[in-house]
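Residue numbering restarts at 1 for every chain, and letters A, B, ... go by the order of the sequence lines. Hydrogens, waters and symmetry mates are skipped; everything else that's a heavy atom, side chains included, is used.
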Amino acid sequence: MRRRDGRAPDQLRPMKFEVGILKNADGSAYVEMGLTKVIAAVYGPKEPHPRHILMPDRAVLRARYHMAPFSVTEERKSPAPSRREIELSKVIKEALSAAVLLKQFPRTVIDVYIEVLNAYGSTRVASINAASLALADAGIPMRDLVAAVSVGKMGGELILDVDDYEDKYGEADVPIAMMPGRGEITLLQMDGLLTPEEFIRALELAKKGIMEVYELQRKALREKYEAIWREYGF
Amino acid sequence: MRRRDGRAPDQLRPMKFEVGILKNADGSAYVEMGLTKVIAAVYGPKEPHPRHILMPDRAVLRARYHMAPFSVTEERKSPAPSRREIELSKVIKEALSAAVLLKQFPRTVIDVYIEVLNAYGSTRVASINAASLALADAGIPMRDLVAAVSVGKMGGELILDVDDYEDKYGEADVPIAMMPGRGEITLLQMDGLLTPEEFIRALELAKKGIMEVYELQRKALREKYEAIWREYGF
Amino acid sequence: MRRRDGRAPDQLRPMKFEVGILKNADGSAYVEMGLTKVIAAVYGPKEPHPRHILMPDRAVLRARYHMAPFSVTEERKSPAPSRREIELSKVIKEALSAAVLLKQFPRTVIDVYIEVLNAYGSTRVASINAASLALADAGIPMRDLVAAVSVGKMGGELILDVDDYEDKYGEADVPIAMMPGRGEITLLQMDGLLTPEEFIRALELAKKGIMEVYELQRKALREKYEAIWREYGF
Amino acid sequence: MVSFKDFIIPRVKKDYIISLLEKGRRVDGRGFEEYRKMEIKVGVIDNADGSAQVKLGDTFVVVGIKSSIGEPYPDEPNKGVFIVNAEFPPVASPSFEPGPPDENAIELARVVDRGIRESNFIELEKLVIVPGSKVRLIWVDIYVLNHDGNLIDASSYAAVAALLSTKLPKVVVGDDGRLEKLEEREPLPLRGVPIHVTHAKINGKILVDPTLEEESIMEARLTMAVTEDGKICAVQKGGIGSFTMDEVKAVMENTLKLAPTIRERILGAVKGGQV
Amino acid sequence: MVSFKDFIIPRVKKDYIISLLEKGRRVDGRGFEEYRKMEIKVGVIDNADGSAQVKLGDTFVVVGIKSSIGEPYPDEPNKGVFIVNAEFPPVASPSFEPGPPDENAIELARVVDRGIRESNFIELEKLVIVPGSKVRLIWVDIYVLNHDGNLIDASSYAAVAALLSTKLPKVVVGDDGRLEKLEEREPLPLRGVPIHVTHAKINGKILVDPTLEEESIMEARLTMAVTEDGKICAVQKGGIGSFTMDEVKAVMENTLKLAPTIRERILGAVKGGQV
Amino acid sequence: MVSFKDFIIPRVKKDYIISLLEKGRRVDGRGFEEYRKMEIKVGVIDNADGSAQVKLGDTFVVVGIKSSIGEPYPDEPNKGVFIVNAEFPPVASPSFEPGPPDENAIELARVVDRGIRESNFIELEKLVIVPGSKVRLIWVDIYVLNHDGNLIDASSYAAVAALLSTKLPKVVVGDDGRLEKLEEREPLPLRGVPIHVTHAKINGKILVDPTLEEESIMEARLTMAVTEDGKICAVQKGGIGSFTMDEVKAVMENTLKLAPTIRERILGAVKGGQV
């Protein structure tokens, strides 16, 4: 089977990862997965505001997933956060928190802001990929990067890296994030219908895709630091 | 005159009072007045949040009267508080504050939360009856219980304990709350049209109903504590 | 050219300035410019709330321009602040801040509240005229009063003190505020179309109008203080 | 109605007020059943369809009426709609903050609304333009400019006076079914003026028209609205204290006694303002 | 789901729970794959079109169903609409505050929605009254009255039971095109009951139906919803920890094992309630 | 535009900037009438009908255009509608917080709107589909991604470039009166590009295109927008300081001098982006 855009079932879309593109943020990254384009910025660790959210023994990581009004294929989206955006902010926060060494920064907050600039499927996993790079760019110690993809089902077949068309007309969608080096799943959602066997196969296909994303993430980080080193004449 | 549901003019609907039904609350009660069903929970006395509302010489009692979206006879109600709910929260707060010995707990707050689960007339007085029991259940010292009923006028006659139909098609509605043991009126509202003589008679009819409610409240509290005593083998 | 209400192009509408009309405010003023009627009140300098807005070396001046729901020629206006009201609050705040000796009151806030009671053109400049008097009435030290007018263009001619009709059907609107004694412009906005030459002439016409307003403001203050002096028998 | 954090009266002042009350006197020299000086003026807002301002001592309230055309409530298809809203703009008191109406502003609006609505003051059935689909909406906006106590009575008198001064643009239904607003205006159809009277209870004494200072130390207040033919049409108790049955009766009787004079005052001011 | 600031479990209690788990036991004596005592009752809200309450240990949830008539979504003109909303009223927990649903309430509603929607439980295509313009709207309101953990499962069972008990007023289109609501009622068209099952992971152990205490110390939770014919229709991981691939598989197998019994329990309670 | 609490510049830095200005120099080496390096790119948002990004030094703004079909304003029944909105998402600055636009974002949107609207840049009368009832709505969303000063100019150039790159789906009215969106696209009808130019005043010196550092110590700023034929179409003074008459004249002259070059730059970038 070939997919609508010509990809093989287990093939990712063309990807682009850039680290450190925003000057004001402590860390930032820009990610393209096909036409899906997201930007992530990290501020922190810093004094929490309001202060009552602080934790005596660890940092609090907050995340905000937000879609630009012009980012959607449909008519302009209101900038007020939808219920969907609030839920995704929560699961993204949890997916990232699992990886960050929060205990190293008690009584602080780490803010992760994600803006979806163009939405063409799999925006939440693109967001995690970008946010994970932004955290690394901010120098925040992590157990591992978090890498993510989604697996779908279309025409009875499992497919990797679901785009907007496949999301709308497919039979299932399984977004997954992992710390690839540790084999730990930090985000897992699903909607649609899958048999138990298909579900297990979906996890395995996701793992394959995640390893590819992980390589691209590490490459982007290396390039950023090599650029800095060059600049300083190392 | 017999009423639509067969009651005599000065007859209450069948009532049910249960104390201590919610595990997390410091005090709670469930009240049925006919098909009107409300639940009340009390949290406190506790540290106020935000702190600027605290009073140096007494506790602040806050109350929130709220209707569940499915509680109404009409179409689903938005869960956002209406102007009516905000006004009723205020008069209920004031009706209860008169009875609570607030000076015993300076610099604290006592929160009374009321949820109307099914609304079939006289929800504010049912709320006061439930909240008063919940305060007692929380062990908060009071001058007296607060008991409440509403008196209406229909077909020219005064009626006790107004139901939804009588509220919609009646000529007047007078909700009253008292500390029955002290003869003090702590809530009094009215809309509709009554002559001065009718208004005075309405107060007297209300007083009769309030004494009956008061008996049921005290019985419910006794039963709760007898059950506890039995449990502990007294 | 005569204008719709019979005024000459460089003629202000009949004006009325009253100082100290609200008892609770630290300072207040009522201003009429034709049918445009505004009231301004000043509270402060006082402890800021919330406290995080305080500045260690000066007072913070806040301003709120707000239109009463019944003030507009169109249908009732929602009392929630519109984007226009928020922008005007900002430019009015800035126009007044330039004149107030903020450094004399570090760590405090000065609140300027403006209510437009009847809107018939040039409400923002009437607001500045009223607010400036209210600040003086509150005894807050200022470099100079702030006086303001708007200049418009209609039928190809520049006109002073734009009313509602001229605002709707005119070709340009230039609201200006100055500290007249110092020749400093503290508010300047414009929309419409003007040649550079017209724009300069508009500034000069505005200056003429501002000097007239300034005289009326000073007269109103004198009258207020003479009334007080009389009361105390000076 | 001001929150305690902002308006705490010194203990010595409180004791002084109470000791005067014990001698049958009030700080400003009024009798227990005496209103403050009242000034009523209509037609103060040019862009409104009706308006009035009331000064009751230092309490200062403006009410503006705006009408529009809209749909009736589904359960009352042959009645016009009126809505009372109260704003406490921050000009009026150090305790008022910008933002949507709080519980006090909402209670004020609803108590004024109740007296007007239940007395059938506005003939809503005459405000229908196309039965079942197009009716007049009457917005009554209460705007408090200075708060020195007894906002309910001041607001209610201003609302009543503003409604009495209201002239609505005539509306006709054209051949094509479109509505047309004419320049010509007609008065709002009204009948029988309701009057709110508010008493406060301080240290067991009952007194009418409390000042802000008196409200800050009162146990409770009781507002009753009465119709022109002497019926009770709205009641509202406020405050965290209580009333005895006898006190309620006394308030009722005083209210019935005071209302006719106030009604005359309002009608006189409206007539005066229309000359 | 409670925020940490409000529900911090003492360290010694935490250690005790974990040491018990190491011995294969839970504080309340349950097995790792055992639900708490469950009580399901339908028809508890008289004004609702359908309703149910579920007590799962001390977790207490009410769901009410209200229907109305409205427009379909533009991209699904021939389907009815259903909306799941969850409220955490402050009666239920010291950590709930009045206000619009927070991220936890929104997640709860969306996870319950997903299981119901993706399983095609409600036959939405049968809820069309006038194709393309008038369809039934089904509001599912989840109301948490006491929170002692595992809100997702309790809410989902209450929602399913409430839907199973729902009777909608018949609606007919009159000759003039107007809709008329009849007194007669008909059941909501449904097929195949979806079941959510939630496991928590604490110190590497996986256990079903966590209490609030267990949730407060868990690393993460995993909810799976399965259809009547054994398919997975919704998955949601929560919490700031992680699962291994094998743990996910184990949870899936346990879920498939537990779901049929729970489905029977719900169907039995609904039948019982209808007698 | 950043709030002082978040961006306070050290006193020594401030003194250094000022002492340089006294010598006619700026910290980044620019002349007083020199813009920072500017990079304009169109077509960056695939799902938008038009888009552009502008980098002005480290200030980074994206603008996306979305069109839809709606009703005209009642007082302008034969004109399309355009709305400018600005968001300051928290990625862009430590001083931006999630939430609805604050006074700074609202001012930015309104100043950009004013220059575009008053210059008649968009031919709104050509955006009518069914006169009086169906017109095009053009949403201009300004999205600030990094804030290093002079947001007004950067946003305005991005907005203008995005509009110049916009292609709207053709819309036809079918026989049955229904609107149909075609695949075919047509450019937005435009005429005469307006240009905003912003000067800051620091210690009495006037300089164009201030950085965030410069804005944090400026007395005031003055933005003027000019049309292609050299008219002034919008002015906005900001900041708590003042300008003399002569300073306003100087700013006007510099603005008229700078605008044509910037206009060329934008038009060039749009043309380049369309190849």
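- Sparse packing is recorded around NZ of A:K219, with 12 or fewer heavy atoms of other residues, nucleotides or ligands lying under 6.0 Å away.
- At distances below 3.5 Å, not a single donor-acceptor pair connects side-chain atoms of F:N146 with backbone N or O atoms of A:L22.
- Taken to the nearest 0.5 Å, the CD atom of F:E87 stands 6.0 Å off from the NE2 atom of A:H66.
- F:P90 has its side chain out of reach of A:D111: every pair of non-hydrogen atoms, C-beta onward, lies at least 4.5 Å apart.
- When A:S28, A:P79, A:A25 are compared by the number of non-hydrogen pairs under 4.5 Å with chain F, A:P79 comes out ahead.
- A distance of 10.0 Å separates CZ of A:R76 from CG of F:L137, quoted to the nearest 0.5 Å.
- For F:N85, the part sitting under 4.5 Å from any heavy atom of chain A is the side chain, from C-beta outward, and nothing else.
- The six-membered or imidazole ring of F:Y143 lies near that of A:F70, with a centre-to-centre distance under 6.0 Å.
- In this structure, A:K46 places its NZ atom where more than 12 heavy-atom neighbours from other residues, nucleotides or ligands lie under 6.0 Å away.
- Residues A:K37 and F:V44 have side chains not in contact (no heavy-atom distance under 4.5 Å, counting atoms from C-beta outward).
- Put simply, the side chain of F:N47 reaches to within 4.5 Å of the side chain of A:N118, judged on heavy atoms.
- In terms of heavy-atom pairs under 4.5 Å with chain F, the best-connected choice from A:P81, A:A68, A:A134, A:A41 is A:A68.
- Shown here for F:K181 and A:E75, the closest heavy-atom pair between the two residues is NZ-OE2, 4.2 Å.
- For A:K23, the parts sitting under 4.5 Å from any heavy atom of chain F are the backbone and the side chain alike.
- From A:R64, atom CZ reaches atom CD of F:E97 across 11.0 Å, with rounding to the nearest 0.5 Å.
- Contacts between A:T73 and chain F at a heavy-atom distance below 4.5 Å involve backbone atoms as well as side-chain atoms.
- Atom CD of F:E71 sits in a sparse spot, with 12 or fewer heavy atoms from other residues, nucleotides or ligands closer than 6.0 Å.
- In this structure, the portions of F:P98 lying under 4.5 Å from any heavy atom of chain A include both its backbone and its side chain.
- For the atom pair CG of A:N24 and CG of F:L145, the computed distance is 11.0 Å after rounding to the nearest 0.5 Å.
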